[in-house]
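So the structure is just underneath, and the comments pick up after that.
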Amino acid sequence: MPAHLTCQIPLPPGFRPGDTLAFHRRDTQEIAERAHGASLQKGLLWQGAPACLSLRLEPGQVLAELALDGTASGDSQAQLDSMLRRMLGLSQDVDAFEQAYRGHPLIGPLVSRQAGLRVPLAATPFEALSWAIIGQQISVSAAVSIRRKLIQAANVNHSDGLLCHPGPEQVAALGAEGLRQAGFSASKSQTLLHIADLVASGQLPFDRWQQAPPIDEIRDRLLALRGIGPWTVSYTLLRGFGWLDGSLHGDVAVRRGIETLLETPEKLSEKQAKAWLEAFSPWRALLAAHLWASRSSTAY
């Protein structure tokens, strides 16, 4: 018998629903997410079964419903509450960041214009890491296309018609040939399959790490893997675990945003961007999110 869970969570003053909706609106074909008005529907796996998460972002609160094609375990309600808070970035202390930098001569005006900006998270760290691997060295539009093909290839359907982002088991089942047909290069295919095996086997315990992420351990474990570099790690820590201090100096849009702030005609190198971002620790990834938001309506 399908189960339905509901949840109501208060939102802080100044919460920006558009950031969450934009992040999940990247694929205009809407095979796995639909974002219209102040509402979002997202297909995902819940305890291994297809589910549809529906959010209505109202002033001061979010109303959520999780429709499961299966049964719910005893702790599902608490898990839903925790997932929503992570996805909406509600634990991020953006007020402290804004108080510290509102008067900064370079980023102050940017921070003031985008007051309240939080970083929306993926539903799971594995989804965030999958997107990071897909997005290595390609444009957002190209990454969206490959992500769509991955979801279609896995073909995990929820009863309402949305497809669900595959988990590690479903990715592993596709194999190298299935990933190549979805548009993955041989190297990215190998990396994602290795990651899927490590997560499925518990060697990368993403679920356990979500509650109190051991940032140094996660970073070191991921960097030790072939095909995973600093940008992929910092992005995964941001979108998968909500860590706001990853240095995204390897991101082209971040470097272009810094160039705009500095009003320099010369392109910054990754080394120069890294050095510039150091001054804004422990908020480097949150500043990167501000730079993304200032440059494009497409949320990376």
Side-chain angles (χ1 to χ4, degrees), residues 16-46 50-57 62 64-67 69 83-84 86-89 118-168 170-171 174 178-185 188-189 191-192 195-196 231-232 235-236 238-240 248 251-253 288-289 292-293 295-300:
R16 294 161 44 113
D19 297 328
T20 295
L21 295 168
F23 179 60
H24 294 287
R25 198 186 285 127
R26 290 169 295 180
D27 189 351
T28 58
Q29 294 193 22
E30 299 187 328
I31 64 164
E33 296 96 2
R34 303 185 193 117
H36 299 283
S39 297
L40 168 69
Q41 288 182 299
K42 177 177 174 61
L44 51 83
L45 287 171
W46 184 265
C52 179
L53 176 66
S54 298
L55 302 182
R56 191 163 78 247
L57 295 157
V62 58
E65 177 182 1
L66 188 70
D69 285 351
M83 181 182 72
L84 288 174
R86 286 197 311 273
M87 289 179 67
L88 297 171
R118 298 169 186 272
V119 182
L121 269 61
T124 67
F126 181 73
E127 181 178 347
L129 180 50
S130 299
W131 171 254
I133 292 169
I134 291 170
Q136 292 170 346
Q137 303 298 317
I138 60 175
S139 68
V140 175
S141 59
V144 166
S145 176
I146 295 174
R147 177 183 185 267
R148 181 192 310 129
K149 292 175 183 176
L150 170 66
I151 293 171
Q152 290 171 325
N155 197 33
V156 181
N157 285 277
H158 183 261
S159 55
D160 81 339
L162 280 178
L163 292 173
C164 304
H165 192 284
Q170 290 75 27
V171 168
L174 290 174
L179 291 182
R180 283 197 292 270
Q181 290 181 4
F184 283 76
S185 65
K188 287 185 181 181
S189 172
T191 298
L192 185 56
I195 291 289
W231 179 88
T232 302
Y235 186 90
T236 301
L238 175 63
R239 294 291 197 189
L248 288 155
D251 190 278
V252 174
W292 283 332
R295 293 184 57 80
S296 174
S297 60
T298 301
Y300 211 102

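Computed from heavy atoms alone, side chains included, the values below leave out hydrogens, waters and symmetry copies.
Atom CG in D251 sits 6.5 Å away from atom CH2 in W231 (nearest 0.5 Å). Rounding to the nearest 0.5 Å places CZ of R56 at 13.0 Å from CG of L40. The distance from atom CZ of R118 to atom CG of D19, rounded to the nearest 0.5 Å, is 10.0 Å. Taking CD from Q170 and CG from N155, the interatomic distance works out to 11.0 Å, rounded to the nearest 0.5 Å. Rounded to the nearest 0.5 Å, atoms CD (Q136) and NZ (K188) are 5.5 Å apart. The OG atom of S185 sits 10.5 Å away from atom CG of L192, with the distance rounded to the nearest 0.5 Å.
Between A132 and T232, the closest heavy-atom pair is CB-CG2, 3.8 Å. Of all heavy-atom pairs between W46 and A51, the closest is CB-CB, 3.8 Å. Across all non-hydrogen atoms, the minimal contact from F184 to I146 is CE1-CG2, 3.7 Å. Counting all heavy atoms, side chain and backbone alike, V156 lies closest to P50 at CG1-CG, 3.9 Å. I31 and L162 make their closest contact through O-CD2, 3.5 Å (heavy atoms, listed as atom of the first residue, atom of the second, distance). Considering every non-hydrogen atom in both P125 and T236, the closest pair reads O-CG2, 4.3 Å.
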Checklist entry - Where do I195 and V171 land on the side chain to side chain contact (heavy atoms under 4.5 Å, CB included) test, with the steps shown first? => result CA-CA 10 Å; I195 291 289; V171 168; over 6 Å; no
Item to check | Full working for side chain to side chain contact (heavy atoms under 4.5 Å, CB included) between V119 and R239 | outcome: CA-CA 7 Å; V119 182; R239 294 291 197 189; 3.4 Å; yes
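Taking the ring axis of F23 as reference, the NZ or CZ atom of R25 does not stay both within 45° of it and closer than 6.0 Å to the ring centre.
E30 and H36 are linked by a side-chain donor-acceptor pair at a separation below 3.5 angstrom, with hydrogens and angles left out of the test.
Looking only at side-chain heavy atoms (C-beta outward), D160 and R34 come within less than 4.5 Å of each other. The closest side-chain heavy-atom distance from L57 to L88 is below 4.5 Å. Considering only heavy atoms from C-beta on, I151 stays 4.5 Å or farther from D27 through its side chain. No side-chain heavy atom of T28 sits under 4.5 Å from any side-chain heavy atom of V144. The side-chain heavy atoms of D69 and N157, taken from C-beta on, include no pair separated by under 4.5 Å. Counting heavy atoms from C-beta on, the side chains of Q181 and K149 never come closer than 4.5 Å. Looking at M83 and L44, their side chains come closer than 4.5 Å, going by heavy atoms from C-beta outward. The shortest side-chain heavy-atom distance between M87 and T20 does not fall under the 4.5 Å cut-off.
One N or O on the side chain of H158 and one on the backbone of A67 form a donor-acceptor pair closer than 3.5 Å.
For E127 and R86, the salt-bridge test fails: no basic side-chain N is under 4.0 Å from an acidic carboxylate O.
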